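Encoded as structure tokens, the structure appears first; notes follow it.
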Amino acid sequence: MTNTAAGLAQSARSNLWMHFTRHSAYDETDVPVIVRGEGPYIWDARGKRYLDGLAGLFAVQVGHGREELAEAAARQTKQLAYFPLWGHAHPTAIELASRLAAASPGDLNRVFFTVSGGESVETAWKLAKQYFKLVGKPTKHKVISRALAYHGTSQGALSITGIPGAKADFEPLVPSTLRVPNTNFYRAPEHADDYEAYGRWAADQIEQAIEFEGADTVAAVFLEPVQNTGGCFVPPPGYFARVREICDRHDVLLVSDEVICAFGRVGHDFAAKRYGYQPDIITTAKGLTSGYAPLGAVLASERLMEPFTRGATTFMHGSTYGGHPVSCAVALANLDLMEREGLYDHVLSREDAFRSTLDKLTDLPIVGDVRGAGFFYGIELVKDKVTKETFSAAESERVLRGFLSDALFEAGLYCRADDRAEPVVQLSPPLICDQREFDEMEQILRDTLTQAWKML
């Protein structure tokens, strides 16, 4: 292998099995190879610059190339490069757990470290099942999640995921998971003229599912504060308050899956604070380290920890790298940096400007809806704005995958054109972005979506 652009691309084609990738797409073209990042931008091996409109994968909150995070990793590597949290502790895990517990809503004081968001979800489900066994309710093991929700790819987390196309090749999966409607008001099947009423209806579907299955069998409800897949479904007013009431009434745990939404993505350290609800568990990852090192976490209430503090009871779960010393050191430096630069306040103060800039795109015939919060938005594409008619499968193949994804990238914007539900373009830029980057995104999107419309 050579380090030339062509050599890297050829080696990638020959040896690298990329994630969620249709490899035949690179039979005749080079694999894009990203070699450098600085601020909100990335560069490929040929020297071309792109605006990172997805923060890597909803992760790089502080932008690329922050030397203080690299320096924190180097210092920790020199002092203690690795030690597991299996019956022992190390200082960076202790400090980070204390810091997360202090910041969390309510009494989510117990922090279990993982390596990724999917592993955090897996951990939370296992914790919920064992907890109910320990308190004398062994039949409570089922999980409710929402249609189209993404919660991970491991067998348990994939079972909770609500995307049929992501699951079909791996079935049979773990049983005992159920789906309820999400909060996509743009395509509301009920109360399409009343946002708040629609939220109550969507929340009540959770109670109906619990009652249908039997409350003595349901352990937890897993919900993202703002649902990612489908294009940033924001909770209607009162939605989470209603869900909390339902969970309390039926002794069901409310898990706030904040793998994407925590650490500033919607302007708060934890998104549950923004939407005013108290989870029993928070799952997170990504922005905890701004993607500079792999790390996830599960924050659990004192109620859930209590049965594990007695006698020989053990949570028989863990991983080699969960709570890795270097990753924890990077997370601490990352949280320091975000606090010092006021990035949460920056998101809250600039989200209206970001939204209004993206709203300009609604004058295009292909743009049906713009939705989201903070620095986390989805743009739903349609064939007809009046009827909200969506793309056919053939049109998605030709326009979305065959043109739009590559065209946006070639125009200098790294983002995601997705049709796991309706066709959407997702934007989740680094939290350091401001009007200049908003305008750059809007202009590239405008030009490229205009071309895409002509192909329908």
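What's counted below: heavy atoms across the whole structure, side chains too, no hydrogens, waters or symmetry copies. Fair warning: this is a prediction, and the values are worked out from it, not measured in the lab.
Formation of a donor-acceptor pair under 3.5 Å by the S104 side chain with backbone atoms of L108 is found in this model. In this structure a side-chain-to-backbone donor-acceptor pair under 3.5 Å is present from T92 to P325. Under a 3.5 Å cut-off, the side chain of S11 and the backbone N or O of G7 do not form any donor-acceptor pair. In terms of modelled atom types and a separation under 3.5 Å, the side chain of E122 and the main chain of A157 share a donor-acceptor contact. Of the possible polar contacts, none joining the H324 side chain to the A329 backbone as a donor-acceptor pair under 3.5 Å is found. In terms of modelled atom types and a separation under 3.5 Å, the side chain of K385 and the main chain of L364 share a donor-acceptor contact. A donor-acceptor pair under 3.5 Å links the side-chain atoms of S14 to the main chain of Q10, judged by distance alone. Under a 3.5 Å cut-off, the side chain of Q278 and the backbone N or O of P105 do form a donor-acceptor pair. Not one N or O on the side chain of H317 forms a donor-acceptor pair closer than 3.5 Å with the backbone of F315.
Legend: residues meeting salt bridge (Lys or Arg N to Asp or Glu O under 4.0 Å) with E442, ordered by chain and number and at least two apart, are R446. In this structure F438 satisfies the ring-ring contact (aromatic ring centres under 6.0 Å, His included) test together with F354, F375, sequence neighbours excluded. When the ring-ring contact (aromatic ring centres under 6.0 Å, His included) test is applied to H19, no partner is found at least two apart in sequence or on another chain. Partners of R340 under the salt bridge (Lys or Arg N to Asp or Glu O under 4.0 Å) rule, at least two apart in sequence or in another chain, are E68. Shown here are the salt bridge (Lys or Arg N to Asp or Glu O under 4.0 Å) partners of R99, two or more places apart in sequence or in another chain: D336, E339.
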What's the verdict on side chain to side chain contact (heavy atoms under 4.5 Å, CB included) for D257 and I160, showing C-alpha distance, side-chain angles and the deciding distance? CA-CA 11 Å; D257 185 355; I160 298 173; over 6 Å; no
Distance-only criterion, 3.5 Å: show the donor-acceptor pairs between side-chain atoms of residues 289-298 and protein atoms not counting sequence neighbours.
| residue | atom | partner | partner atom | Å |
| --- | --- | --- | --- | --- |
| T289 | OG1 | G291 | N | 3.2 |
| T289 | OG1 | A293 | O | 2.6 |
| S290 | OG | Q61 | N | 3.4 |
| S290 | OG | V62 | N | 3.3 |
| S290 | OG | N334 | OD1 | 2.6 |
| Y292 | OH | G63 | O | 2.6 |
| Y292 | OH | G65 | N | 3.0 |
| Y292 | OH | R66 | N | 2.9 |

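A distance of 6.0 Å or more separates the ring centres of Y50 and Y41. Proximity of the aromatic rings of F263 and F270 is defined here by a centroid distance below 6.0 angstrom, and this criterion is met.
Taking the charged nitrogens against the carboxylate oxygens, E422 and R371 have no contact shorter than 4.0 Å, which rules out a salt bridge. Ionic pairing of R420 and D418 is present here: one or more N-O contacts between side-chain nitrogen and carboxylate oxygen are shorter than 4.0 angstrom.
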